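Take a look at the structure below.
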There are 2 protein chains.
Amino acid sequence: MLDAIDKHILALLQRDATLSVQSIADQVNLTTSPCWRRIQTLEAEGYIQRRVALLSRDKLDLGVDVFVFIRTDQHNDEWMNHFARTLDALPEVVEAYRMSGDVDYLLRVVVADIKAYDRFYKRLVSEIKLADVSSSFAMESMKYTTALPL
Amino acid sequence: MLDAIDKHILALLQRDATLSVQSIADQVNLTTSPCWRRIQTLEAEGYIQRRVALLSRDKLDLGVDVFVFIRTDQHNDEWMNHFARTLDALPEVVEAYRMSGDVDYLLRVVVADIKAYDRFYKRLVSEIKLADVSSSFAMESMKYTTALPL
DNA sequence: GCTGAAAACCTCAGGAC
DNA sequence: GTCCTGAGGTTTTCAGC
């Protein structure tokens, strides 16, 4: 299990992975050696999965979020595997969830504009058999964080 | 504007920010100096926003995603600012969008279990006046990536 | 724009307490 | 756990193409 210092280290790293071991050590009141050892352990045990760069949606002209609500009448394994592989292969799909309730799947899709979404949509429905697809556009992203609540 | 090499560099970094300048340079067929300069420029111009560590949902016992669909009858600036600040202050809210269509806002909330969601829900509705809130639980996360389609 | 090399810096691992 | 040390690697700068 994690103690308060480990949690503190994780909280710092999930906000900024460029922090040097030195500055993390300072902030959690440790010297570099034990702090470095803790980070190694957290990485080895899988608490830290990866370190990534977050890019600018604006700069890259990918300003549109579309939520796609999917209903299907297919529930066999073969179809589900095909569906999962198709989603993996589509880079515009940044999130996909199997849902409870009346909607079977929920996707978040990132595209440049409505035309780009239309192209994506056509490709999606051509590759998978879906009973019902409805799309909802986000007007504004108010919050987006990769930081988990610790 | 970005050339193919810049895009390639961004694609590599958004998958793995631990890559050394050396190894990126190799993969895009440059030497370290120009590659390093490009990365600096990409950072300075805001293409690269930040570098973060992604933590394990499983390890941290935060396995549940809840989508919260919100309708409101308040549409004035004051209410919206209060709403935005409240969402910012709630770490369980990892994403929030203002939507088109019949739902006004869509949140993704990360919690440990249903009880934790109930606590979050009570806090949310106690802090903001909302006309209608409906929650939908994800059974399974099929895809989650921070990588943008380039 | 690029190359190549040198300097500065930090990480990483070890030993002593 | 701290403190210190040093090797090794990485980042960064600089002259030259």
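In this text the structure is predicted, and so the values were computed from the model without any measurement. Just so we're on the same page: letters track the sequence lines, and every chain starts at 1.
Counting only residues at least two apart or on different chains, no salt bridge (Lys or Arg N to Asp or Glu O under 4.0 Å) pair has a member in residues 141-150 of chain B. Listed by first and then second residue, the salt bridge (Lys or Arg N to Asp or Glu O under 4.0 Å) pairs that reach into residues 130-140 of chain B are A/Arg98-B/Glu140, B/Arg71-B/Asp132, sequence neighbours excluded. Pairs engaging residues 4-14 of chain A under the salt bridge (Lys or Arg N to Asp or Glu O under 4.0 Å) rule: A/Asp6-A/Arg38 [sequence neighbours left out].
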(request) Scan nucleotides 1-9 of chain C nucleotide by nucleotide, 5' to 3', and note B when protein non-hydrogen atoms come under 4.0 Å of the base, S if they reach only the sugar-phosphate, - if neither. (result) -BBBB----
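Residues that satisfy the salt bridge (Lys or Arg N to Asp or Glu O under 4.0 Å) test with A/Glu95, not counting sequence neighbours, are A/Arg108, B/Arg108. Applying the ring-ring contact (aromatic ring centres under 6.0 Å, His included) criterion to B/Phe120, with sequence neighbours excluded, gives B/Tyr117. Every residue meeting the salt bridge (Lys or Arg N to Asp or Glu O under 4.0 Å) condition with B/Lys122, not counting sequence neighbours, appears here in chain and number order: B/Asp118. Partners of B/Tyr144 according to the ring-ring contact (aromatic ring centres under 6.0 Å, His included) rule, which considers only residues two or more places apart in sequence or in another chain, do not exist here. Under the salt bridge (Lys or Arg N to Asp or Glu O under 4.0 Å) criterion, B/Arg85 pairs with no residue, sequence neighbours left out.
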With a 3.5 Å cut-off and sequence neighbours excluded, list the donor-acceptor pairs that the side chains of residues 44-51 of chain A form with protein atoms.
unit_1	atom_1	unit_2	atom_2	d
A/Arg50	NH2	B/Arg15	O	2.8
A/Arg51	NE	A/Glu43	OE2	3.0
A/Arg51	NH2	A/Glu43	OE2	3.0

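Summary for the helix from C/dG1-D/dC17 to C/dC17-D/dG1: the axes at its two ends, each from 5 pairs, differ by 10° when rounded to the nearest 10 degrees.
Of the possible donor and acceptor atoms, none in the side chain of B/Asp73 sits under 3.5 Å from a partner among the backbone N and O of B/Ala131.
For the contact set between residues 16-27 of chain A and DNA chain C, defined by any heavy atom under 4.0 Å, the members are A/Ser20, A/Val21.
Whole-Å rounding puts the A/Ile39 CD1 to C/dC12 P distance at 8 Å. In this structure, the CZ atom of A/Arg51 is 12 Å from the C1' atom of C/dT11, given to the nearest Å.
Between B/Trp36 and D/dT11 there is no side-chain polar atom (N or O) within less than 4.0 angstrom of OP1 or OP2.
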